[in-house]
Novice: 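To start, I am sharing the structure in question, which I have written as structure tokens.
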Amino acid sequence: MIGSAGSAEKVALLTEKYGYDAAFNYKDAPVRGQLPTAAPDGIDVYFDNVGGDHLEAALDAFKDGGRAALCGAISAYNSTERTPGPDNLTNMVTRGLTLRGFTVGGWFHRLPDFVADMTGWLTSGQVVFDETVVDGIDHAVDGFLDLMRGANTGKMVVRVAQG
Ligand SMILES: NC(=O)c1ccc[n+]([C@@H]2O[C@H](COP(=O)([O-])OP(=O)(O)OC[C@H]3O[C@@H](n4cnc5c(N)ncnc54)[C@H](OP(=O)(O)O)[C@@H]3O)[C@@H](O)[C@H]2O)c1
């Protein structure tokens, strides 16, 4: 499993805490150059939170029959103009790739399965996570802007009441 993050501290967390086999800082050099170094034999599956440069790099690196789950495209959220799509979509044809988008809302019917599986993984330590907590609804906008800047480590959470 290979991860990408935007600071040396986050890259270290990926391999030392979250269980990734390799990781790189996407701000150090183009992802298209870094991903093949981390995965010289190619990749089978890509979970896309970023779009743009990350999706293009994945499309380059896919093995035949590769699959992507398209969750988000944060690299484009602050764009003021329409951004062109990947320049290598034809790899979908030649390598038989599958790209499928989803939203959480479309899968609520599987929530009980998710809760059961994730409870087990969290309890066993197979999945670990961090949170960055912003206190008070008045600071929700600051928290959102910080998320877009990458100031959070792990899930950005706004605490509206003390538990
Ligand atoms: N499909 C759905 O139903 C669904 C639901 C919720 C969220 N999402 C998507 O899931 C993704 C993550 O959302 P989240 O709320 O969990 O946020 P998050 O991962 O807690 O925070 C977003 C992170 O994105 C990174 N980032 C910002 N600009 C970037 C860029 N240009 N290229 C690469 N990374 C960048 C920042 O970390 P760095 O320091 O590493 O840059 C930031 O910490 C987003 O794409 C969001 O739209 C999808």
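Ligands are counted one by one from 1 in listed order, and the atoms in each one are counted from 1 as well. What's counted below: heavy atoms across the whole structure, side chains too, no hydrogens, waters or symmetry copies.
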Novice: In order of chain and number, which residues sit within 4.0 Å of ligand 1 by heavy atom?
Specialist: A5, G6, K10, Y26, N49, V50, C71, G72, A73, I74, S75, Y77, F102, T103, V104, L147, M148, G150, N152, G154, K155
Novice: With sequence neighbours left out, what residues match D64 under side-chain contact (heavy atoms from CB on, under 4.5 Å)?
Specialist: R95
Novice: How long is the straight-line distance from CG of D142 back to CG of L147, given to the nearest 0.5 Å?
Specialist: 12.5 Å
Novice: Side chains of D60 and N88 only: does a donor on one sit below 3.5 Å from an acceptor on the other?
Specialist: yes
Novice: Once ring-ring contact (aromatic ring centres under 6.0 Å, His included) is applied, what residue pairs with a partner in residues 21-46 remain, sequence neighbours excluded?
Specialist: Y26-H54
Novice: Enumerate, atom names and distances included, each donor-acceptor pair closer than 3.5 Å involving a side-chain atom of residues 102-115, sequence neighbours excluded.
Specialist:
residue: T103; atom: OG1; partner: G106; partner atom: N; Å: 3.4
residue: R110; atom: NE; partner: D113; partner atom: OD2; Å: 2.9

Novice: Would you indicate whether the side-chain heavy atoms of D21 and T15 approach each other to under 4.5 Å?
Specialist: no
